[in-house]
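Below is one structure, written out as structure tokens; the observations come after it.
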Amino acid sequence: MTANLLDYDLDGLAAFCERLGEKRFRATQLFRWIHQKGASQFEDMSDLAKSLREKLKTTAHVQALPVLSQHISADGTIKWLFDVGGGNAIETVFIPEDDRGTLCVSSQAGCAVACRFCSTGHQGFSRNLTVGEIVSQLWFAEHFLRQHLKKDERVISNVVMMGMGEPLQNYSALVPALRVMLDDHAYGLSRRRVTVSTSGVVPMMDRLGKDCPVALAVSLHAPNDALRDDLVPLNRKYPIAELLEACKRYLQVAPRDFITFEYCMLDGVNDTTKHAAELVMLVRPGAGERVWCKFNLIPFNPFPASGLLRSSQEAVLAFSKVLSDAGIVTTVRKTRGDDIDAACGQLAGDVQDRTNVQTRIGKRRTIIIRPENEMSPQGREDTIND
Ligand code: SAH
Ligand code: SF4
């Protein structure tokens, strides 16, 4: 087995090159070819010595995850389903906006946290993704999009670790992957533009603050422990008071001066103005004790097994008003890619059945990429249905 170079951050690649008897600057050149130019064939890397290219051919490869399907929404959102083997798949979503392009990246196949309102959680946990599997989502998407949109410069300006899985339960792969995203010789994203979203793995929040302090989003979803224990079972291990203390510690090193609290709006469960008032008390109980935060209200994306319903628009507005009136910046997440099931919590809900190439019908514009294809970002587009 040769090494997949997508598995390495720059230090890892330097160590790999050293084992081949090569200096660190060669690793930097190689890293730039792979991540900045999207190259996967060593013979294309023209400024590397021929002897090194020959050595690389026998010891290494650059290989993204195989693409099972790709769906392009009418609003430009693109969702890819990648095969991670063993009948499992993960999803990655690109969300274009006027001033940015955001990639929503997965960190695990399935998730062990088992939140009640999350279809990934309902699937159970299959396995952690490797560094290369996390990085390959960005590598593939960025270079595919440059081709697809005919752009020479960077298309993806933001990464959110909000796909499938709990990133802080795959910490040892997450951190090197984040380093690749941030590295100026690779994607050069600023720490403010890379967000880790967590259901609240308190000790790992502290470690992230020390090792790689990127922007942090915390999935709160409830204003008290009784309700949060039920919705986010991890709360029984790390209750709200501990979580908020960890948020305050993180703020001392965070690239932004606030934490984003995500709050999934569930009809009749956590969406009354009483809940909102309780939240206000939680994040600003008194002078000096405030947790600097913003709230992002996410309309629940229903799936049948949850037995839960989306809050009404009126409930969301009333809830949001209580927070805003208390001086807390509050946004309501727009649902994007509705026509291709690309919204939060809808990701790979039925992964186990999706190991074959599939076609979507109707108004959806679907490009199907055959899985047997050698997948490079320039992968062949087989079919386009409008
Ligand atoms: N595991 C991490 C990151 C992935 S989930 C976390 O929980 O933060 C990304 C976001 O989508 C989280 O805020 C999560 O609570 C939310 N989410 C999950 N399922 C959802 C659903 N069905 N509808 C709306 N939001 C959902
Ligand atoms: Fe896991 Fe996040 Fe889904 Fe909870 S919301 S089950 S932590 S992916």
Side-chain angles (χ1 to χ4, degrees), residues 4-10 13 28-48 61-82 90-106 131-161 163 177-190 193-195 336-337 340 342 365-371 373-384:
N4 187 355
L5 300 187
L6 294 180
D7 266 316
Y8 298 130
D9 60 12
L10 187 52
L13 196 60
T28 307
Q29 281 179 309
L30 185 53
F31 201 59
R32 293 170 73 113
W33 271 109
I34 296 169
H35 295 291
Q36 293 189 338
K37 302 206 174 94
S40 58
Q41 301 303 318
F42 299 122
E43 61 255 32
D44 296 342
M45 303 181 182
S46 47
D47 60 356
L48 295 185
H61 62 284
V62 178
Q63 177 89 60
L65 289 165
V67 176
L68 289 174
S69 66
Q70 168 175 284
H71 301 294
I72 303 184
S73 161
D75 67 13
T77 302
I78 306 181
K79 181 174 80 166
W80 293 277
L81 189 70
F82 293 101
I90 53 136
E91 290 191 348
T92 308
V93 180
F94 172 68
I95 306 142
E97 284 170 286
D98 291 344
D99 58 341
R100 72 183 84 173
T102 302
L103 194 71
C104 179
V105 169
S106 292
V131 178
E133 288 169 336
I134 298 174
V135 169
S136 99
Q137 298 170 63
L138 176 58
W139 182 78
F140 177 84
E142 173 66 33
H143 298 293
F144 170 84
L145 286 163
R146 281 190 208 174
Q147 262 228 336
H148 180 67
L149 302 172
K150 303 190 173 43
K151 289 225 165 124
D152 285 334
E153 74 274 30
R154 193 168 70 181
V155 178
I156 294 166
S157 60
N158 295 61
V159 169
V160 292
M161 297 300 304
L178 293 175
R179 292 202 171 119
V180 176
M181 297 172 193
L182 301 175
D183 200 308
D184 282 339
H185 297 295
Y187 302 91
L189 299 176
S190 85
R193 289 173 173 269
V194 175
T195 301
R336 298 287 304 265
I340 56 168
R365 180 159 179 260
T366 304
I367 296 178
I368 297 160
I369 299 181
R370 301 258 173 256
N373 255 7
E374 264 280 283
M375 276 321 300
S376 72
Q378 290 78 31
R380 189 160 54 96
E381 295 173 2
D382 275 351
T383 320
I384 300 182

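Reckoned from all heavy atoms, side chains included, excluding hydrogens, waters and symmetry mates.
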Which pair of heavy atoms, one from E91 and one from S106, lies closest together, and at what distance?
O-OG, 2.6 Å
Using modelled atom types only, decide if a donor and an acceptor are shared between the side chain of T92 and the backbone of W80 within a distance under 3.5 Å.
no
Can you sort out the partners of E97 under side chain to side chain contact (heavy atoms under 4.5 Å, CB included), two or more places apart, ordered by chain and number?
D99, R100, T102, K334, R336
Quick one: closest heavy-atom pair of I156 and A141, and the distance?
CD1-CB, 3.8 Å
Between I34 and Y8, is a side chain to side chain contact (heavy atoms under 4.5 Å, CB included) present by the stated rule, with each step listed?
CA-CA 11 Å; I34 296 169; Y8 298 130; over 6 Å; no
Heavy-atom nearest pair, F140 first then A64, reads CB-CB, 4.4 Å
Partners of D44 by side-chain hydrogen bond (donor to acceptor under 3.5 Å, both in side chains), sequence neighbours excluded?
none
Under the side chain to side chain contact (heavy atoms under 4.5 Å, CB included) rule, collect the residues that match up with D152, sequence neighbours excluded.
none
Begin with the C-alpha distance, continue with both residues' side-chain angles, and end with the deciding distance and a verdict on side chain to side chain contact (heavy atoms under 4.5 Å, CB included) for L145 and K151.
CA-CA 8 Å; L145 286 163; K151 289 225 165 124; over 6 Å; no
Apply side chain to side chain contact (heavy atoms under 4.5 Å, CB included) to the pair Q63 and L6, showing each step before the final yes or no.
CA-CA 7 Å; Q63 177 89 60; L6 294 180; 5.7 Å; no
Does the side chain to side chain contact (heavy atoms under 4.5 Å, CB included) test come out yes or no for N4 and E133, once each step is laid out?
CA-CA 10 Å; N4 187 355; E133 288 169 336; over 6 Å; no
With N158 via side-chain hydrogen bond (donor to acceptor under 3.5 Å, both in side chains) - residues at least two apart:
R193
Residue pairs passing the side chain to side chain donor-acceptor pair (under 3.5 Å) test where at least one lies in residues 177-187, sequence neighbours excluded
R32-H185, H35-Y187
Test ring pair (Phe, Tyr, Trp, His ring centres under 6.0 Å) applied to F94 - qualifying residues, sequence neighbours left out:
none
